[in-house]
Amino acid sequence: MRLLYLCLGWLMVATGIVGAFLPVLPTTPFLLLALWCFSRSSPTLEAWLLSHARFGPSLRRWRERGAIARHAKIAALSAMTVSYAAFWFLSEPPPLRATIVAAVMLGSALFIATRPES
């Protein structure tokens, strides 16, 4: 199992790195998954992620308090709003699909908005 968690951790790090350059792919959730995998497979890699200059602070805030920085909340909620508007206007979805997508996005937005801030 250790090897599986180690491989999954590196896969999540790689996906997170790709997400840093692609606007539609989030970085932090993949790094949170990598941190979880590394916590079960490699304390050294877990410590590396937690002490990383760029990503470490947000990972530590989440681990310690479940907190999301205000600027990250604003960015996430703005991106969700723009994404839904693009979905609505560019694909002209049927009402049921539009409602399902809106419900999922609203649920995610509420989760993000109700997390403590750092």
Is there a chain of hydrophobic side chains (I, L, V, M, F, W, Y, each step under 4.5 Å between heavy atoms) that links [X] to [Y]?
| X | Y | result |
| --- | --- | --- |
| Trp10 | Leu31 | yes |
| Phe55 | Leu33 | no |
| Phe111 | Met80 | yes |
| Val13 | Phe21 | yes |

Shortest non-hydrogen separation from [X] to [Y] and the atoms involved:
| X | Y | answer |
| --- | --- | --- |
| Ala53 | Pro57 | O-CD, 3.8 Å |
| Pro116 | Gly66 | CD-O, 3.4 Å |
| Thr27 | Gly19 | OG1-C, 3.1 Å |
| Leu8 | Cys37 | CB-SG, 3.8 Å |
| Ala113 | Leu77 | CB-CD1, 4.4 Å |
| Leu49 | Leu59 | O-CD1, 3.8 Å |

- Message: Using side-chain contact (heavy atoms from CB on, under 4.5 Å), reason through Tyr84 and Val101 one step at a time and then give a plain yes or no.
- Response: CA-CA 8 Å; Tyr84 188 78; Val101 171; 3.8 Å; yes
- Message: With salt bridge (Lys or Arg N to Asp or Glu O under 4.0 Å) as the rule and sequence neighbours excluded, what pairs involving residues 68-90 come up?
- Response: Arg70-Glu117, Lys73-Glu117
- Query: Hey, what do you get for CD1 (Ile17) to CG (Leu25), rounding to the nearest 0.5 Å?
  - Reply: 11.5 Å
- Item | Inter-residue atom distance Leu32.CG - Thr28.OG1, 0.5 Å rounding |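 Spacing of CG (Leu32) from OG1 (Thr28) equals 6.5 Å.
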- Item | ring-ring contact (aromatic ring centres under 6.0 Å, His included) involving Trp88 - partner list, sequence neighbours excluded | none
- Query: In chain order, what residues pass the ring-ring contact (aromatic ring centres under 6.0 Å, His included) check against Phe30, with sequence neighbours excluded?
  - Reply: none
- According to the side chain to side chain donor-acceptor pair (under 3.5 Å) rule, which pairs have a member within residues 36-60, sequence neighbours left out?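 Pairs touching residues 36-60 that pass the test: Glu46-Arg63.
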- Message: With a 4.5 Å cut-off on side-chain heavy atoms, are Arg97 and Ser91 touching?
- Response: no
- Rest of the hydrophobic cluster containing Ile74 (Ile/Leu/Val/Met/Phe/Trp/Tyr, side-chain heavy atoms under 4.5 Å)?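 Ile74 clusters with nothing; isolated.
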- Query: Hydrophobic cluster mates of Leu106, side-chain heavy atoms under 4.5 angstrom, ILVMFWY only, any path?
  - Reply: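 ILVMFWY cluster around Leu106 also holds Leu110.
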- Trace of the side-chain contact (heavy atoms from CB on, under 4.5 Å) decision for Phe38 with Leu6: CA-CA 6 Å; Phe38 288 155; Leu6 192 62; 4.1 Å; yes
